[in-house]
Engineer: 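Below you'll find the structure I mean.
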Amino acid sequence: MHILYLALALFLLLNLIAGMYRVLRGPTVADRMLAAQLFGTTSVAILLLLAQAANQPALLDVALVFALLAAVTAVAFVRRAWPGAEANHDPH
Amino acid sequence: MIVNASQKTDPSHPDSSDRPDGHRVTRYVGSGALRLGAFALVWWALTGGAVDSWLVGLPTVLIATLISLALVPPFSWSLTGFVYFLPFFVWQSLRGGTDVAWRAFHPQIPINPGIVKYPLLLPPGLPRVFLINTVSLLPGTLSAELEPDELIVHALDTEQNVLAELKVVEQVVARLFAISLKNGERNRNVQTN
Amino acid sequence: MLHWAFDGLLGTGLLWLAWRALTTPDLFKAIVLFFSFGLLMALAWVRLNAPDVALAEAAIGAGLTGALLLAALARLDTSNQPANPVTGDGESDLVDH
Amino acid sequence: MTLINGLSAVLLIAGSVFFLAGTLGLLRFPDIYTRLHALTKADNLGLGLIVMGLAAQSQSWATVGKLLLIWVLVMFAAASVSQLIAGRALQRGIRPWKR
């Protein structure tokens, strides 16, 4: 099982690095942000696998923080760095 | 303690009318107790059941309950609706995941995306927010924007019957929040006719 | 063996990301690269058996600094446009235009 | 025990396949809306399967609770964030890709 956890963690890390292509190529800023969001989810999964492989439950807390902060960054992006077009405000 | 809490977060004074206010207090107490239990469960999971942690945990859970009551006032929901919703949601997200994965793996990328407008029957507020988040996780649909009376959905495959699926989802969410949509539908028809 | 592969990939990725984040001319791209760098760095701390440092890196390095940099970038953009003077209240200024 | 191990291994591998699908979708799909589809659905399902695979192995109920909490948080964050991004993209007039 140990080998499986590590192999899957490696596989997910490869996924993450492949997704880096979208950060570099864009084309829109939202695409880059989206890729960063994907990294957040993928690293949560990697952390869960590493926590199980190393038998370190403390890593689950790190995963929890990852899950929370990916959302914070994305909201900061939409509210601050990517404002709506003219004469548009939030419909909420 | 809980009764105090509900009175504190209650914005109106108890001098208006007697019966609705008493009703409101029981609502606050009931949902406060429920949320207290839920937050206690979360704290227990976070700390791994350590006994000492409750010294900090008890006040934290209480404050979290008070804040949640202040931010989201009690709403009606039904247990059977919830029991019905969970397997529906799990099954649909399984379908949604496999659907999008199949399209991503397919050499030709068989997608036919487009914007679909769905006339909403659900009342505004929490049920709609919940519907939006649910729709985004379901097969082939992604809620994009909420207009006053309709939901703008991006569909991955417009050839599928997206509207019918959305109708089912809306019914399930309505059942979760103990709302009957038939009523709303009739009202709507009266308005549009 | 798998450990070596994982760590090697992580280290190479970190160096590459750091290089790209420093050299890219597009500020927004640089911020996203920095954000990804923070995520990978936290993973590296985990691999170094320091989950507490990883926690701090995830919270401060990846999360908060990323959000702050995005906010800073937004202010830079508005101050570049002479029509929209910075009023001090960045949020309403940005969202309602 | 071996049965649980096998089940958990299957769940973990299936989860990783969905992560691969999410990455492929991110790289191959033509516009931001379709990429959001891949991101929210495939990744959440992948994480869910991995969470379940690990929960089947875990020793204590508290760990299971924490795993589920992480999943629910990620799912909620992904759903709201995708809605925010899609809504803002529509507002800014980014046209959805048509076949």
Side-chain angles (χ1 to χ4, degrees), chain A residues 1 4-5 7-9 11-12 14-19 21-23 25 27-31 33-35 37-38 40-42 44-49 51-52 55 57 60-61 63-75 77-79 82-92, chain D residues 5 8-9 12-13 15-27 31-33 35-36 38-40 42-44 46-47 49-51 53-55 57-60 62-63 66-67 69-78 80-94:
Chain A
M1 279 317 264
L4 178 70
Y5 298 141
L8 288 182
F11 176 72
L12 291 181
L14 276 171
N15 261 322
L16 199 156
I17 289 177
Y21 176 82
R22 193 46 81 197
V23 176
R25 286 286 169 274
T28 69
V29 286
D31 288 303
M33 202 60 222
L34 212 63
Q37 199 66 25
L38 176 88
T41 317
T42 314
V44 167
I46 294 176
L47 277 173
L48 294 183
L49 285 167
Q52 184 83 2
N55 203 10
L60 293 187
D61 296 326
L64 208 57
V65 171
F66 266 59
L68 283 173
L69 284 166
V72 170
T73 323
V75 171
F77 161 69
V78 172
R79 302 270 313 172
W82 207 43
E86 309 85 58
N88 261 329
H89 37 82
D90 274 3
H92 314 294
Chain D
N5 272 349
S8 141
L12 290 177
I13 292 170
S16 304
V17 170
F18 278 109
F19 267 102
L20 177 63
T23 310
L24 271 184
L26 186 75
L27 295 181
D31 74 342
I32 176 144
Y33 304 99
R35 283 179 205 140
L36 272 172
L39 185 80
T40 48
D43 276 19
N44 286 326
L47 189 65
L49 290 173
I50 284 181
V51 158
L54 293 178
Q57 294 262 315
S58 84
Q59 315 290 326
S60 74
T63 312
K66 204 186 268 184
L67 285 170
L69 197 65
I70 291 171
W71 182 35
V72 170
L73 263 176
V74 168
M75 209 155 63
F76 214 76
S80 348
V81 163
S82 72
Q83 193 261 323
L84 271 174
I85 292 184
R88 195 46 69 80
L90 268 186
Q91 268 184 24
R92 290 176 70 103
I94 297 179

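Just so it is clear: chains get the letters A, B, ... in the order the sequence lines come, proteins before strands, and each one is counted from 1.
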Engineer: Any side-chain heavy-atom pair from D/L67 and D/W71 closer than 4.5 angstrom?
Structural biologist: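 D/L67 does not reach D/W71 side chain to side chain.
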Engineer: Can you check whether A/M33 reaches A/T73 side chain to side chain, under 4.5 Å on heavy atoms?
Structural biologist: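 They are in contact (side-chain heavy atoms under 4.5 Å apart), so the answer is yes.
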Engineer: So which heavy atom on A/V44 is nearest to which on A/F66, and how close?
Structural biologist: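 Smallest heavy-atom distance, with atoms named: CG2-CB, 3.7 Å.
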Engineer: For D/F76, look at atom CZ and say whether over 12 heavy atoms of other residues, nucleotides or ligands are found less than 6.0 Å away.
Structural biologist: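 Open: at most 12 neighbouring heavy atoms sit under 6.0 Å from CZ of D/F76.
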Engineer: With a 4.5 angstrom heavy-atom cut-off, is it the side chain or the backbone of A/L4 that approaches chain D, or both, or neither?
Structural biologist: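 Only the side chain of A/L4 comes within 4.5 Å of chain D.
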Engineer: Output the option from D/D31, D/L54, D/L24 having the highest count of non-hydrogen pairs under 4.5 Å with chain A.
Structural biologist: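 It is D/L54.
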Engineer: Quick one: what part of D/L36 sits under 4.5 Å from any heavy atom of chain A, side chain, backbone, both or neither?
Structural biologist: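 Both parts, backbone and side chain.
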Engineer: If I measure from the heavy atoms of chain D, does A/L12 come under 4.5 Å with its side chain, its backbone, both, or neither?
Structural biologist: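 The answer is the side chain of A/L12.
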Engineer: What residue, out of D/L69, D/I50, D/I85, D/T40, has the most heavy-atom pairs lying under 4.5 Å from chain A?
Structural biologist: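 Highest number of heavy-atom pairs under 4.5 Å: D/I85.
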Engineer: Which region of A/L16, side chain (C-beta onward) or backbone (N, CA, C, O), has a non-hydrogen atom less than 4.5 Å from a non-hydrogen atom of chain D, or is it both or neither?
Structural biologist: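 Answer is neither: A/L16 stays 4.5 Å or more from chain D.
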Engineer: I need the A/D31 CG to D/I32 CD1 distance, nearest 0.5 Å.
Structural biologist: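 These two atoms lie 4.5 Å from each other.
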Engineer: Report yes if some heavy atom in the side chain of A/F77 is under 4.5 Å from a heavy atom in the side chain of D/V81; otherwise report no.
Structural biologist: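 They are not in side-chain contact.
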Engineer: At a heavy-atom separation under 4.5 Å, does D/L12 approach chain A through its side chain, its backbone, both, or neither?
Structural biologist: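 D/L12 touches chain A through backbone and side-chain heavy atoms alike.
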